[in-house]
Amino acid sequence: MNDNRSTARPADMGDPDSSPVGRELTIAEVLALPVLAVGQPQVVTGVTLLDRPVRWVHITELTDPASFLKGGELVLTTGMPLPQDAADVRRYVDELADIGAAALIIELVRRYHRPPDALVHACRARGLPLITLAKDVNFLEVTQVVHSLILGNQAEAMRRTQRVHEAFTTLTLRGAGAGEVMRAAAEMSGRTVVLENLVHQALICEPSGTTLEEALTDWEQRSRATPPGDRTSQCGPEGWLTAPVEYQGERWGRVAMLPAPAEEPAFGPEHITVLERTAMALTVARLIHSTPWERTAHRNALRDLIDQRHRSAADAYARLTALGLPAESSRFLTAVVDLPADTTAKSEDLLSQVLHATGIPALIGELTPGRLGVLLALSPSHLWQPAVERLSHAALDLSPRAVVSVGAEVDDLTDTPRSFHQATRVAEATPPDQPLPPGRSFHELPDVDLRRLLYALREDTRIQDYAEQQLGRLLDHDSRHGTDLLTTLRHYLDVAGNKTSAARRDGLSRETFYQRVRTIERLLDCDLESGDQRTALHVALTALDVLRVG
C-alpha cells in the first residue's frame, strides 16, 4: 500500500506572521512553508501523524543520527548515508523512532529517485512519518526559517504565559471570587471550563464556543468516567484537561477544561498553565470567601432561572441537572422565605438540611437580602405540602417574623419564573405580623385579600394619593378639633351602613351618631347611603391602615 499524498498548501503559510503563535509547529505546517513546498514534498508513511509537533530541525548525513537527537526533531537527509542492507536500514529507523524524532525527510535528487522499499517498510512499521522531496531544497534555509518560527513561538508562548500569571495574580490580590476566576479562565484559554465538587456536581460552568446544554448534558456520568488525578492531566474518554482544587491535602473539587471541536488544536502548554493557575486562584478564593461554592451555585442558578437569563430551556435543564436537581422528570414548586436580613446566611444551611430530610430534591439560595428562594423538584409520589410545612416551621423557629409564601405548582421548568413571581407577590402582600391561615404555616396566592393587596402596593404614590383624596379633609378636621370622626366612619362601614349597630359600636346615642354621619358626609361631600361611595371609602380606610403599618 502506498501512502503518497501531496501536502501543497497556500504559499502565504510561509509568512512567519501567519503561523500559529504561542504553540508548537506541526509537521503539516512545516511542510506547507514555501522553503519546503518548492521541493514538492510527498508523504509516503504516517499521513495521519502530521499533527506531530516539530521542536527542532536536524540536518544529518550520518548513519547513526539518533545519538545527536533529543526527540521531536525533523530529520533532513539527502539519503547519501543510508545503508544498503535492509537490517541496517531497520536499525537506522528504529533509532530515530526510539529517540522520538518527529519525521524523516529524504531528498530524491542525488542518490535515490524513489524511496528504498526497506526504508518505507521500516518507517511504516515504526510509525515514523517519511516524506520525500522531488526537487533540490536548501536544507540550511529550511533550518533558518523553521528555527526562527520555533524560537518566535517559544518567545510568544513565554510572553503569553507571563500574561496569564499576571492576570491571575491580579485576580488573587483583589480577592476575586470563584465565578470571576472561572470567567477569566474561559476567556484566556478559549475553552469551556467547569468547576465541580467532590460528588460531581457542576457548580460553575463558563462556556466558550459551546452552550451550557452541550457542556453539561449528562455531566455526572461523563465526569465519573474521567478519573481524578493528583496533578494536572488529560484523561477520560473525552480527553478533559483536569486539575484538582485542594489545600493542605484536603481536596475540595476539581476544575475541568473541555476540548474544543475536533478541528481545533489539542491542549497546549498554555492551556495547562491557565488551568493550573485557575486551580490555585480557586483555592485562594475558597479560603477568603466564607460562602461555600455550593451555596453560591444554588443562589446564582435560582437568580438566573427567575430572571430567565438562560439562552434556552435546554441550557436551564442541563445546568440544574448538573447541580443535582432532576429537572427533566419533575414537577416544580417554588417558595420564598422572608427572614430578618441578619439571619439569612445561617438560614440557608439550616433550611437546606430541613429540605434534604424530606427526601425532595431542592435548591435554596438568597435572592435578595432577607429573602430566600426555594425550588422543589417533585416526583409523582411527592406531596409538597408536608415539605413546605416543615420548611415553614423551621423558618419560624429561626424568627417568629418569618414569612413563607408559595407559588403555583408547575409541570415545566420554563414555568418556574412565573411561579416564583407569584410567590413573591404573596410575600410582598404579607406583613410580618399577618396571622397564619387556619391549618397551615405558609401563605398562598388565594390568601391575598384587599388589605394584603394594598399592603403590597403601599409604596405606590397612587395608593397614597387615593387615601389622601378620599379621607384627607376628615383627617384634617379630627386633627384640628380633637374629634374622632374617622372611627365613626370605620364603624359605619364595618356594619355596611347599619346606623343602629354602628352607634352601638361607637358607644353613642343614635341621635349623636346620626349627627356625626351628617358631618362626615358634609366634610367628604359624599352620600354614605351610596354603595359605591361606601366601597370607595372602605378601600381608602384599608389603604390608610396599611400605610400607617408600613
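Along the sequence shown, the residues carry numbers beginning at 1.
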Nearest heavy-atom neighbours spanning A279 and P244: CB-O, 3.6 Å
Minimum heavy-atom distance between G253 and L198, given as atom pair plus value: N-CD2, 3.7 Å
Validation row: T296, I204 side chains within 4.5 angstrom (heavy atoms): no
Pairs satisfying salt bridge (charged side-chain N to carboxylate O under 4.0 Å, His left out), at least one member in residues 321-334, at least two apart: R331-E409
Beyond-backbone contact of V54 with T26, side-chain heavy atoms, under 4.5 angstrom: no
Listed once per pair and sorted, the salt bridge (charged side-chain N to carboxylate O under 4.0 Å, His left out) pairs that draw on residues 273-290, sequence neighbours left out: none
Nearest heavy atoms of A215 and C205, plus distance in Å: CB-SG, 3.9 Å
4.5 Å side-chain heavy-atom contact, F420 and L302: yes
Nearest heavy atoms of V274 and A185, plus distance in Å: CG1-O, 3.8 Å
Non-hydrogen atoms of L372 and S347 that approach each other most closely: CD1-CB, 4.1 Å
Criterion side-chain hydrogen bond (donor to acceptor under 3.5 Å, both in side chains) on R254 and S223, from CA distance to verdict: CA-CA 10 Å; R254 69 176 173 178; S223 176; 3.2 Å; yes
side-chain contact (heavy atoms from CB on, under 4.5 Å) evaluation trace for F267 with T232: CA-CA 12 Å; F267 294 119; T232 303; over 6 Å; no
R251 with D230: basic N within carboxylate O range, under 4.0 Å: yes
Value rounded to 0.5 Å, distance of CD in E294 from CG in D349: 10.0 Å
Any V193 side-chain heavy atom under 4.5 Å of T278 side chain: no
Donor-acceptor pair between H382 and S379 side chains, under 3.5 angstrom: yes
H356 atom NE2, neighbour heavy-atom count above 12 within 6.0 Å: no
Main-chain N/O of D307 paired with D304 side-chain donor or acceptor, under 3.5 Å: no
Main-chain N/O of D315 paired to S312 side chain as donor or acceptor, under 3.5 Å: yes
Non-hydrogen side-chain atoms of L378 and S330 separated by less than 4.5 Å: no
